[in-house]
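Chain letters run A, B, ... following the sequence lines, proteins first, then strands; residues in each count from 1.
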There are 2 protein chains.
Amino acid sequence: MPDTLSQTFSALADPTRRAILARLRQGEASVSQLAEPFLGQMTLPGVTKHLKVLERAGLVTKGREAQWRPCTLNAAPLKDAAEWMDEYRVFMEASLDRLGEYLKTVAPPVRESTLTDPPTSPPAPFDDHR
Amino acid sequence: MPDTLSQTFSALADPTRRAILARLRQGEASVSQLAEPFLGQMTLPGVTKHLKVLERAGLVTKGREAQWRPCTLNAAPLKDAAEWMDEYRVFMEASLDRLGEYLKTVAPPVRESTLTDPPTSPPAPFDDHR
DNA sequence: TGGTTAATTAGCTGATTAGTATAATGCTAA
DNA sequence: TTAGCATTATACTAATCAGCTAATTAACCA
């Protein structure tokens, strides 16, 4: 019984599923419409399974229209994921700063604009064990 | 051979691993320090495995300090994930707007501040198949 | 040298996942 | 009522994952 956030991240951890979500940004689509780009590499039941994962994660909602199941994007669960990530925003910058420092030691500076700020998160000392 | 983004999301799809990352925001920590909060529910080798997943995803770097392996957070891979999510920002809002609309039909409005804007992404019509 | 601590490896189990092929369901239209 | 399309269900395989115990490596200290 995985928590919601894990289910969301898990659903996103597959390129086929991410492509389906990207396709749904352009609007509703039926299952076979969604499957069409993948039918070279995957069968229709395969796509159905991926859709079920997205559905379980609440990222896709399936309607009914005669024999079609128009699927729509529901990005609400992404909100939680994005909020979780926001906590790491400052560390993303810090990592890039570190990367910048590293590059400066390897290659001559190539006229970067703003790489001058002090590191945003001073590393805490490693206080041995216990 | 999963792509980088899938590896990142996959690594995040576990509460233990997310807790480890959260812990590392406060600075370096040894493996046993990281394991300590989980030792009630999990053994040390279990934590080592989770750390290996995080390491493979590039989210954690392990150093050497005598018999300890001080682990540090590397949030750089999160940058890509965050950028991927940014494409869905507008749809997160749209979902919330839809939620707001729905709530308005169910309960009397409870003095919400700004819930007045038109939907940010007009739903595209479902053009049957083909 | 031997003992202790930190961490990993190896080998196992059970659960989950991604994929397949084929069969079944449900709807529309002739 | 039957044919045909869209979708899902079933049943199977192979691979991966999360967890365990027990054993091993590696470093320190006395």
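- dA7(C) atom P lies 11 Å from atom CG of Leu39(B), rounded to whole Å.
- The side chain of Lys52(A) places an N or O atom within less than 4.0 Å of a non-bridging phosphate oxygen (OP1 or OP2) of dA9(D).
- Residue Thr48(B) has a polar side-chain atom (N or O) positioned under 4.0 Å from OP1 or OP2 of dT8(C).
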Please tabulate the protein-to-nucleotide N/O contacts below 3.5 Å involving nucleotides 13-19 of chain D, giving atom names and distances.
unit_1  : atom_1 : unit_2   : atom_2 : d
dA18(D) : OP1    : Arg17(B) : NH1    : 3.1
dA18(D) : OP1    : Arg17(B) : NH2    : 3.1
dG19(D) : OP2    : His50(B) : NE2    : 2.4
dG19(D) : N7     : Lys49(B) : NZ     : 3.3
dG19(D) : O6     : Lys49(B) : NZ     : 2.5

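- Counting heavy atoms from C-beta on, the side chains of Pro77(A) and Thr4(A) never come closer than 4.5 Å.
- Summarising the geometry, the separation between CD1 on Ile20(B) and P on dA7(C) is reported as 13 Å, rounded to the nearest angstrom.
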Would you tabulate the nitrogen or oxygen pairs shorter than 3.5 Å linking the protein to nucleotides 22-30 of chain C?
none

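- Counting to the nearest Å, the C1' atom of dA6(D) and the CG atom of Leu44(A) are 8 Å from each other.
- Residue Gln67(A) holds its CD atom at 10.0 Å from OG of Ser30(A), rounded to the nearest 0.5 Å.
- Within the 3.5 Å criterion, the main-chain N or O of Lys79(A) finds no donor-acceptor partner in the side chain of Tyr88(B).
- By the 4.5 Å heavy-atom criterion applied to side chains, Leu59(A) and Leu24(A) are not counted as neighbours.
- Legend: residues meeting salt bridge (Lys or Arg N to Asp or Glu O under 4.0 Å) with Glu83(B), ordered by chain and number and at least two apart, are absent.
- Distance, Gln33(A) CD to dC5(D) P: 16 Å, rounded to whole Å.
- Within the structure, every pair that satisfies the ring pair (Phe, Tyr, Trp, His ring centres under 6.0 Å) test and touches residues 3-29 of chain A, not counting sequence neighbours, is listed here: Phe9(A)-Trp84(A).
- Residues forming a salt bridge (Lys or Arg N to Asp or Glu O under 4.0 Å) with Arg56(A) (at least two apart in sequence, or on another chain): none.
- dA6(C) atom C1' lies 13 Å from atom CG of Leu51(B), rounded to whole Å.
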N/O donor-acceptor pairs under 3.5 Å from side chains in residues 34-48 of chain B, not counting sequence neighbours:
unit_1   : atom_1 : unit_2   : atom_2 : d
Thr48(B) : OG1    : Leu44(B) : O      : 3.3

